[in-house]
Amino acid sequence: MLVVCSFAAETLPEIRPERFRGAEVLLSNYPDPAGQLRPYETRVLCRKD
């Protein structure tokens, strides 16, 4: 499991370790979590293996 949080007021590049590429997004405070992190966005990612 990986939790990614942006505490910035601007958009940031998504930083995801290689082993979490393709991981399922379990929870996000935005309705369509993909690509860059938006201001104050949080994502919870889970690997299936």
Side-chain angles (χ1 to χ4, degrees):
M1 187 169 292
L2 175 68
V3 178
V4 181
C5 302
S6 169
F7 295 100
E10 63 273 346
T11 301
L12 299 172
E14 180 183 39
I15 299 171
R16 187 184 295 204
E18 183 66 34
R19 62 188 253 187
F20 282 94
R21 307 245 171 191
E24 178 183 2
V25 178
L26 296 179
L27 185 65
S28 176
N29 61 325
Y30 277 85
D32 56 343
Q36 295 183 327
L37 288 170
R38 287 160 283 197
Y40 308 105
E41 183 173 5
T42 297
R43 297 178 192 169
V44 178
L45 307 167
C46 183
R47 290 177 42 191
K48 296 190 184 220
D49 56 339

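As the structure is a computational prediction, the values presented were derived from the model and not from experiment.
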Side-chain cluster (under 4.5 Å, hydrophobic types only) that Val44 belongs to, other residues: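 Hydrophobic cluster check, Val44: joined to Met1, Val3, Leu26, Leu27.
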Working to the nearest 0.5 Å, report the span between [atom1] of [X] and [atom2] of [Y].
X: Ser6; Y: Glu14; atom1: OG; atom2: CD; value: 11.5 Å
X: Glu41; Y: Ser28; atom1: CD; atom2: OG; value: 4.5 Å
X: Leu37; Y: Phe7; atom1: CG; atom2: CZ; value: 11.0 Å
X: Leu12; Y: Cys5; atom1: CG; atom2: SG; value: 12.0 Å

Which heavy atom of [X] sits nearest to which heavy atom of [Y], and what is that distance?
X: Asn29; Y: Tyr40; value: ND2-O, 3.0 Å
X: Arg43; Y: Pro33; value: NE-CB, 3.8 Å
X: Tyr30; Y: Pro39; value: OH-O, 2.9 Å

Note: Arg19-Asp49 ion pair, threshold 4.0 Å (strictly below): no
